[in-house]
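Have a look at the structure below before the remarks.
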Amino acid sequence: MAGLTHHDRRPDWEYLTQCEYRLKDLEKIVDWAVKYLPDTEAHWCANRFMGHIKAIMDPFIGMSRGYPVDEAVNPTDELRIVPLSEFLEEDDDQYMRPATTVYESLLRSSEAYDAVYTHLYAKLPHCRGCSCL
């Protein structure tokens with residue numbers, strides 16, 4: 001992992017996977033989808049698929065990294081109505097853990113997010129038969 005502490009290096013896929021190994025698992029999901037998507041499939045939307053991947057990516061890369069993952073709400077729980085004043089008083093940054101390393105600062109950057117997104121999106125087949133076209 002030589003050179004990983006150099007703060008001026010632009011993030012690329014290989015560099016980022018050395019900082020966060022779980023990104024390789026995201027690539028496996030994309031590779032699996034590409035491998036098992038039939039060539040005869042009439043409808044495929046790469047943008048919709050990437051919407052699902054983005055939801056998985058958020059805890060690992062980009063500006064959402066550093067926030068604890070919200071616990072899933074049990075659908076049988078009662079809906080809690082929060083007054084607007086209470087909602088506005090909450091500070092979104094209160095739970096974010098500080099970045100203590102160069103790696104962590106890099107992984108939280110929008111450039112790192114863009115590099116990962118671009119790498120994964122480029123692996124997908126083009127949209128066909130979807131509303132994007």
Side-chain angles (χ1 to χ4, degrees):
M1 295 199 1
L4 282 179
T5 57
H6 193 275
H7 65 279
D8 291 332
R9 180 167 175 181
R10 294 197 49 84
D12 59 32
W13 175 255
E14 291 304 319
Y15 185 65
L16 293 168
T17 57
Q18 291 177 39
C19 296
E20 175 55 80
Y21 68 92
R22 295 174 292 187
L23 295 173
K24 289 278 192 181
D25 293 332
L26 287 173
E27 185 177 42
K28 288 177 188 175
I29 294 170
V30 171
D31 290 343
W32 182 87
V34 171
K35 180 178 179 180
Y36 291 104
L37 177 70
D39 291 337
T40 58
E41 185 70 33
H43 301 286
W44 161 256
C45 182
N47 295 319
R48 185 172 186 178
F49 182 80
M50 279 307 292
H52 299 295
I53 296 298
K54 283 169 47 174
I56 300 169
M57 280 173 47
D58 279 351
F60 305 129
I61 196 83
M63 291 183 274
S64 295
R65 184 181 170 92
Y67 287 100
V69 178
D70 292 334
E71 289 187 24
V73 177
N74 185 343
T76 61
D77 290 346
E78 288 185 31
L79 178 64
R80 181 174 173 253
I81 305 298
V82 179
L84 182 60
S85 59
E86 183 181 327
F87 178 77
L88 294 175
E89 288 175 7
E90 289 186 17
D91 182 9
D92 289 340
D93 292 336
Q94 67 181 342
Y95 300 112
M96 186 169 201
R97 294 179 299 272
T100 57
T101 65
V102 173
Y103 309 123
E104 189 63 27
S105 295
L106 172 68
L107 290 168
R108 292 183 186 186
S109 71
S110 58
E111 290 136 345
Y113 184 91
D114 291 345
V116 169
Y117 185 90
T118 301
H119 174 80
L120 296 176
Y121 191 83
K123 297 180 116 228
L124 296 174
H126 297 293
C127 292
R128 55 182 181 247
C130 69
S131 60
C132 292
L133 302 174

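The residues of the chain are indexed from 1 along the displayed sequence.
For the salt bridge (Lys or Arg N to Asp or Glu O under 4.0 Å) condition, the pairs that include at least one residue of residues 110-125, sequence neighbours left out, are Glu27-Lys123, Asp31-Lys123.
In this structure, Tyr117 and Tyr113 have parallel ring planes: the angle between them is below the 30° cut-off, well short of the 60° mark.
Nearest heavy atoms, Ser109 versus Ala112: OG-N, 3.1 Å. Scanning all heavy atoms of the two residues, the minimum distance from Arg65 to Phe60 falls at NH1-O, 2.8 Å.
Looking at heavy atoms from C-beta onward, Met57 lies in side-chain contact with Leu120 at the 4.5 angstrom threshold.
For the atom pair Leu23 CG and Glu14 CD, the distance stands at 11.0 Å (nearest 0.5 Å). Distance check, rounded to the nearest 0.5 Å: CZ of Arg108 to OG of Ser64 gives 10.5 Å.
Shown here are the salt bridge (Lys or Arg N to Asp or Glu O under 4.0 Å) partners of Asp58, two or more places apart in sequence or in another chain: there are none. A search for salt bridge (Lys or Arg N to Asp or Glu O under 4.0 Å) contacts involving Arg22 returns Glu20, not counting sequence neighbours. Residues meeting the side-chain contact (heavy atoms from CB on, under 4.5 Å) test with Ala46, sequence neighbours left out: Trp44, Tyr121, Leu124, Cys127. With sequence neighbours left out, Thr101 forms a side-chain contact (heavy atoms from CB on, under 4.5 Å) with Tyr103, Glu104.
Under a 3.5 Å cut-off, the side chain of Thr118 and the backbone N or O of Ala115 do not form any donor-acceptor pair.
Of the candidates Thr17, Ile56, Ile61, Leu26 forms a side-chain contact (heavy atoms from CB on, under 4.5 Å) with just one, namely Ile56. For the side-chain contact (heavy atoms from CB on, under 4.5 Å) with Val116, the qualifying choice from Leu107, Leu16, Ile53 is Leu16, the only one to do so.
Residue Tyr21 shares its hydrophobic cluster (ILVMFWY side chains chained together at separations under 4.5 Å) with no other residue.
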